[in-house]
Structures are given as structure tokens and as C-alpha cells.
Amino acid sequence: MQAAAWSKPYHFGFKKSKNGVLPSIAEEGFQPLMEKHGAVFLGDTAMKELYLTFDNGYEKDGLTGKILDVLKEKQVPAIFFITGHYVKTEPELVKRMTTEGHLVGNHSWSHPDMSTLPQEKVKQELADVKKAVADLTGVQKMDYLRPPRGIFSDSMLAASASEGYRNIFWSIAYRDWDTSAQRGADYAYQNVTTQLHPGAVILLHSVSSDNAQALGRIIDEAHKQGYTFKSLDQMGKRTYR
């Protein structure tokens, strides 16, 4: 394989679910690469199951604690993808995540564009987070990775897979990460619930006050529509088309 192809960066994107039509990555140009490395963006579309995922690069206004409160009340599992900064600055929240039965995933130590890194540096970024979480919580197992900013390459996927990671992308998302452009709980609720579909991997950013305020309603609406929330460890079949 030519070096340019091995390190070519891809920015994850997808065609959103609308009016019952399933989301798709068929036109994005990276579907074969994701299949090759077993990366996930969608679960079994024959099952009314949802997978709730949060990206935690830093903490804002105690929102993760509020999110954890809702998840505990609703008895819904989630995974939190955390950075090295988050482990260092929010140890009590990281311990709470694991104590309350949630998965902690790897979001890299320093949140770089990992498509630009040599494989050994990718592995070190991941190893540093895994060790810090294990030292803090006693949880040695860390199986899932979300590449920072959704940027990846063949080389990066191969390096992380060699360390036992499955890359987790998403099939439901909206522009929620801009803390200066929050639009209210109703906006978050509408954006998420209008995209619901079987096998969905939902991406939410924990710094969004809209998400924290809307989460309970989103969960209730999903349950009303017959969906069940599952842990990534319970995901069976994965869909690419």
C-alpha cells in the first residue's frame, strides 16, 4: 500500500436518518475502510436498540453529574469517551461513571488529529488514557475508542485495532458542542428524537447544557417508541449499509 493511502485522513460524516430512512455512509468514500477494521457507526437495524455515547473532553458547569443523575434515574447505560485532561481534572466523575455501571472509552490523551501521528504515537496516546483510568478506578478493560473530531486513517485504525480497540463513530448527532450557541432543551430533544432509528449510536457532547436538560425527555420518548438502550458490550450485529 502506498504511504499516501495508508495515512490519508478521513473526516467521519453520514447521511442522517429522516422519515424512517436509515442513515448511510455509502457515499462518504470510507465505508470499505471501516468494514476492514471493524469500526462501528450503526448496530443491528433489525433491532429497536439504541446506544448512548458521550464525548468528554472537559467538564463544564457540572453537566456530566446531571447527565449521570438522569441515567441513574432512568436506568440507562452509556459510554463516556474521555481524554487525558478529563481523567486528570475530573477523577471523581470518572470513578462515578464506572461505579454506576457505565463504560469508559478512550478519546486519546491529548485530543490530537491521530491521522497525522505515526502508529507508535497513536498507541501511546491510547495507552496513557487506559493506564490512567485503570490506576484511578481499577477497571483494566478498555475496548472502545472514539477518534478525536472523528478524523481517522487506515494507519490509525490499524494501530488502534492492534491494541484491541474498536473504533466507535455514530449514526445520530447534531451540532451540540458549541457552548456559545446553545438553543435550549427543546432544540436538543427535536434533533435527537427526529433521527431515532433501530441500531442507532447516539453521539452527545457532555458540555452541552441543551443535552443535559433534554436527556430525560429523549430517553422517555425513545422508550415510548419501543426502543431499548443497550451497552456497547451488548451490541451484536453491526451494519454498514
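In this chain, residues are counted from 1 in sequence order.
The shortest non-hydrogen separation linking Y174 to N211 is OH-OD1, 2.7 Å. Pairing each heavy atom of G65 with each of R96, the nearest pair is O-NH1, 3.5 Å. When all heavy atoms of M114 and M156 are compared, the pair lying nearest together is CE-CE, 3.7 Å. Between M47 and P198, the shortest heavy-atom contact is O-CB, 3.1 Å. V122 and A159 get closest at one heavy-atom pair: CG1-CB, 4.0 Å. Heavy-atom minimum distance, A200 versus S171: CA-OG, 3.3 Å.
By the ring pair (Phe, Tyr, Trp, His ring centres under 6.0 Å) test, Y144 is found to be paired with no residue, residues two or more places apart in sequence or in another chain being considered. Under the rule for a ring pair (Phe, Tyr, Trp, His ring centres under 6.0 Å), Y58 has no partner lying at least two apart in sequence or in another chain. K131 pairs by the salt bridge (charged side-chain N to carboxylate O under 4.0 Å, His left out) definition with D135, not counting sequence neighbours. D220 pairs by the side chain to side chain contact (heavy atoms under 4.5 Å, CB included) definition with K74, not counting sequence neighbours. In this view, S231 and P77, L103, D233, Q234 satisfy the side chain to side chain contact (heavy atoms under 4.5 Å, CB included) rule, not counting sequence neighbours. The side chain to side chain contact (heavy atoms under 4.5 Å, CB included) check on W177 picks up R175, H205, with sequence neighbours excluded. With sequence neighbours left out, the salt bridge (charged side-chain N to carboxylate O under 4.0 Å, His left out) criterion links E90 to no other residue. D210 is linked by a salt bridge (charged side-chain N to carboxylate O under 4.0 Å, His left out) to nothing, counting only residues two or more places apart in sequence or in another chain. With sequence neighbours left out, T137 forms a side chain to side chain contact (heavy atoms under 4.5 Å, CB included) with V94, K95, T98, V133, V139. For the ring pair (Phe, Tyr, Trp, His ring centres under 6.0 Å) test, no residue two or more places apart in sequence or in another chain qualifies with H85.
E49 places no side-chain N or O within donor-acceptor distance of the main-chain N or O of G43, the cut-off being under 3.5 Å. Judged purely by atom type and a 3.5 angstrom limit, R146 uses its side chain to pair as donor or acceptor with the backbone of F169. In this structure, the side chain of Q31 does not engage the main chain of E27 through any donor-acceptor pair within 3.5 Å. Checking side-chain atoms of E125 against main-chain N and O of W109 turns up a donor-acceptor pair under 3.5 Å. Side-chain atoms of K88 do not come within 3.5 Å of backbone N or O of T83 as any donor-acceptor pair. No side-chain donor-acceptor contact under 3.5 Å links S115 to the backbone of F152. Under the 3.5 Å distance criterion, the side-chain polar atoms of T53 are matched with a main-chain donor or acceptor of I202. Judged by distance alone, with hydrogens and angles left aside, the side-chain atoms of D55 form no donor-acceptor pair with the main-chain N or O of F81 at under 3.5 Å. At distances below 3.5 Å, not a single donor-acceptor pair connects side-chain atoms of H11 with backbone N or O atoms of P9.
Using a 3.5 Å distance cut-off with no hydrogens or angles, the side chains of S209 and D61 do not pair a donor with an acceptor. Using modelled atom types and a 3.5 Å distance limit, the side chains of Q182 and S208 yield a donor-acceptor pair. Under 3.5 Å, the side chains of E120 and Q124 contain no donor-acceptor pair of N or O atoms. Judged purely by distance below 3.5 Å, without hydrogens or angles, the side chains of S160 and N167 pair a donor atom with an acceptor atom. In the model, T64 has a side-chain atom that pairs as donor or acceptor with a side-chain atom of E59 under 3.5 Å.
Each salt bridge (charged side-chain N to carboxylate O under 4.0 Å, His left out) pair with one or both residues in residues 195-207, not counting sequence neighbours, would appear here, but there are none. For residues 186-197, every residue pair satisfying the salt bridge (charged side-chain N to carboxylate O under 4.0 Å, His left out) rule, not counting sequence neighbours, is listed here: D186-R217.
A distance of 6.0 Å or more separates the ring centres of F80 and H107. Aromatic ring centres of W170 and F12 lie closer together than 6.0 Å.
Aromatic ring orientation, F41 versus F14: tilted (interplanar angle from 30° to 60°).
Ion pairing between K141 and D143 holds under the 4.0 Å rule for side-chain N and carboxylate O.
L52 pairs with exactly one of L215, I218, I79, I67 by the side chain to side chain contact (heavy atoms under 4.5 Å, CB included) rule, that one being L215.
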